[in-house]
Protein chains: 2
Amino acid sequence: MSTASARAYDLIRSLILEGRFAPGERLKEEELTDLCGVSRTPVREGLRRLAIEGLVVVTPHQGAQVAAIGEGELAEIYALRAMIEGHAAGRAAVLIGDDDIAKLKALASEMEAAVAAANSDLGGGAAELNARFTPANSEFHRIILDAAMSPRLAAMAALVVEIPLILRTLARYSDAELMRSLQHHRELIAAFEARDEDWARSVMRSHVLAASHAVVRPGVGRVQPD
Amino acid sequence: MSTASARAYDLIRSLILEGRFAPGERLKEEELTDLCGVSRTPVREGLRRLAIEGLVVVTPHQGAQVAAIGEGELAEIYALRAMIEGHAAGRAAVLIGDDDIAKLKALASEMEAAVAAANSDLGGGAAELNARFTPANSEFHRIILDAAMSPRLAAMAALVVEIPLILRTLARYSDAELMRSLQHHRELIAAFEARDEDWARSVMRSHVLAASHAVVRPGVGRVQPD
DNA sequence: AGCCTCAAGATCGCATACAATCACCGAGCC
DNA sequence: GGCTCGGTGATTGTATGCGATCTTGAGGCT
C-alpha cells in the first residue's frame with residue numbers, strides 16, 4: 001500500500017485539476033483531512049509538495065490557497081514550457097525506443113479519432129472531445145518526457161505543464177488550431193523516427209507556442225469572468 | 001521569527017553544500033533533530049523540500065540520503081542550467097534596473113579582486129579564492145535570476161544550480177578558465193546595459209557551458225577520490 | 001461616519017506518542 | 001555449507017495535543 005502522504009497529494013492534486021476548488025480558494029487543512037480520510041500530517045506534506053510544484057501557494061500561518069494566475073503569468077509559463085518540452089523532445093529524439101514511438105502513434109490516432117467524433121454531428125461536442133482528447137494528449141507528452149530520461153527535466157516540466165490544465169483550456173481551441181495540433185503530433189513522430197534532435201525540438205516548440213496563442217487570447221476565455 | 005521548518009531546511013541544506021555529509025550518506029531524522037534543535041516534524045518537511053530540489057533522495061520507509069550524481073548526470077545538469085540561466089539572462093536584459101546593474105558591477109569587481117589576490121603570492125591560494133569568489137558568484141547569478149521576475153523560472157533554476165555546488169567545483173578551474181569566467185561577467189553586464197536580450201542569453205549560455213567543461217573533465221577532479 | 005483597538009474564535013506550526021515497516025541477524029532446514 | 005525463514009531492533013510514517021499566530025467582528029474613540 002502506498003503511503004497516506006502520497007494518497008493525500010494525489011487526491012488534492014486531482015481535485016484542483018478537476019476544478020473542484022476555485023483559483024484563490026483557501027484550503028484548510030482540516031477540510032482536506034475529512035476529504036482524504038487521513039490526518040493533518042500527511043495532508044500538510046502533500047500541500048507543501050503541491051506548493052513547490054506551483055499548484056498552491058502557502059504563506060506561513062495563513063495556510064494554503066489554490067494558485068491563481070493572471071494572463072501575463074500564463075504567457076510566461078507557456079514560454080517556459082516551450083523551452084522545457086522542446087529540450088525534452090530533442091533529447092527524446094535520440095533516446096526514444098521503437099515501442100514508445102508505436103505508443104505515440106496509437107495516441108495520435110486516438111486524438112484524431114476524438115476530434116473526428118466531435119466534429120461529426122453525432123459526437124457530444126466540446127465536453128466529450130475534452131474527455132477523450134485530454135488524457136491521450138497528456139499521455140503523449142508524458143511519454144516524450146520520460147523518453148528524455150532526465151528526472152530533473154521531468155521535475156521542471158511538472159512546474160509548468162499542470163498549471164494550464166487548471167484552466168481547462170481545450171474548449172477554446174478553434175478547429176484550425178486543433179488540426180494544427182494533430183499535425184504537430186504526427187510531425188513530432190516523424191522527427192523521432194528520423195532521430196533528428198533539432199527537428200523534434202523545433203516542432204515541439206511550435207506545438208507549445210501555438211497552444212499558447214490559443215489560450216492567452218486577449219479578451220477571450222478569461223479565467224475569472226467578471 | 002522564521003519558522004522552525006525553514007531553519008531546519010536552511011541548516012541541512014548548508015551542511016550538504018558545505019560537504020559535511022558525503023554524497024550517498026544516509027540522513028537519519030533523529031540525527032538531524034539533534035543538529036537542528038527542532039523536532040522531527042520540521043526536519044521531515046525540510047527533507048522533503050530538499051528532495052524535490054534534488055539535493056537528497058528519499059525512498060519510502062528507507063529515509064533520506066544525500067544525492068549522489070555521476071558524470072553523465074552532471075553533464076546533463078549543466079545543459080539544463082545553460083538553458084535555464086540563459087533564458088533568465090534574456091528576460092533580465094529587458095527587465096533589470098540600473099541599481100541591479102550597479103550591484104553586478106560591484107560583484108564582478110569583487111570576483112576580479114579575489115582572483116588577483118589568489119594569483120599574487122600573498123594570497124592563500126585556492127581555499128581563499130573559493131571563500132571570496134563563490135559567494136560573490138552566487139550573488140551575481142541570483143541577482144540575474146531575480147531580475148527575470150519569474151518565480152517558476154527561479155524554481156527551475158533551484159533544481160540545477162545547487163547540485164554542482166555540492167562538488168565544490170571551483171578549485172578545478174584553470175587560470176585561463178577563471179579569466180574567461182570573469183570576462184563573461186563583464187560581457188553579461190554590457191549586454192544588460194545594451195538591453196540586448198539575445199546577447200545576454202548567448203553570453204550566459206557560453207558562461208555556463210564553459211563552466212561545464214571545466215567541471216566534467218574526464219579523469220580529472222573526481223568527486224570521490226579513490 | 002470612519003478608523004483604530006482589542007478580544008474571541010479559528011487555524012496553523014511544532015512536539016510528542018504510537019503504529020507500521022524495513023534491515024539485520026541467527027537458527028533451522030535442505 | 002548455503003539458503004530460507006522468523007525474530008528483534010531501529011527507523012520511518014501517522015495521529016493527536018498544545019502553544020503561537022492570524023483573522024474577524026464588535027465596540028469605542030477621533
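All values below come from the heavy atoms of this structure, side chains included, with hydrogens, waters and symmetry mates left out. Chain identifiers are assigned alphabetically (A, B, ...) following the order of the sequence lines, protein sequences preceding nucleic acid strands; residue numbering begins at 1 within each chain. In this text, all values refer to a predicted model and were calculated from it rather than measured experimentally.
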Hey, does B:E85 have a side-chain heavy atom less than 4.5 Å from the side chain of B:R205?
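No, their side chains stay 4.5 Å or more apart.
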Classify the side-chain pair A:E73/A:Y78 by whether it contains a donor and acceptor separated by less than 3.5 Å.
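Side chains of A:E73 and A:Y78: no pair found under 3.5 Å.
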Just how far, in rounded Å, is [atom2] of [N] from [atom1] of [X]?
{"X": "A:R44", "N": "C:dT11", "atom1": "CZ", "atom2": "P", "result": "15 Å"}
{"X": "B:K28", "N": "D:dG13", "atom1": "NZ", "atom2": "C1'", "result": "18 Å"}
{"X": "B:L47", "N": "C:dC14", "atom1": "CG", "atom2": "P", "result": "15 Å"}
{"X": "A:Q65", "N": "D:dC22", "atom1": "CD", "atom2": "P", "result": "16 Å"}
{"X": "B:E45", "N": "D:dT12", "atom1": "CD", "atom2": "P", "result": "16 Å"}
{"X": "B:E29", "N": "C:dT21", "atom1": "CD", "atom2": "C1'", "result": "13 Å"}
{"X": "B:Q62", "N": "D:dT11", "atom1": "CD", "atom2": "C1'", "result": "11 Å"}

Any side-chain N or O of A:R48 under 4.0 Å from OP1/OP2 of C:dG13?
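True: A:R48 side-chain N/O within range (under 4.0 Å) of C:dG13 OP1/OP2.
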C:dC12 phosphate, OP1 or OP2, under 4.0 Å from A:R40 side-chain N/O:
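For C:dC12, OP1/OP2 do not have a side-chain N/O of A:R40 under 4.0 Å.
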Residue met sooner reading DNA chain C from 5', once B:R26 and B:S39 are mapped to nucleotides:
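Upstream on the strand: B:S39.
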Using a heavy-atom cut-off of 4.0 Å across all strands, would you classify B:T41 as base, sugar-phosphate, or nothing?
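Answer is base: heavy atoms of B:T41 come under 4.0 Å of a base.
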Using a heavy-atom cut-off of under 4.0 Å over every strand shown, decide if B:R7 touches base, sugar-phosphate, or nothing.
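Touches nothing.
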Salt-bridged, [X] to [Y], with N to O below 4.0 Å?
{"X": "B:R7", "Y": "B:D10", "value": "no"}
{"X": "B:D98", "Y": "B:R195", "value": "yes"}
{"X": "A:E18", "Y": "A:R20", "value": "yes"}

Given D:dC22, D:dT14, C:dA15, which nucleotide is nearest the side-chain atoms of A:H61?
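Selected nucleotide (nearest to the side chain): D:dC22.
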Hey, which of these two, A:P42 or B:G63, hits DNA chain D nearer its 5' end, going by closest nucleotide?
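Per heavy-atom nearest nucleotide, the more 5' residue is B:G63.
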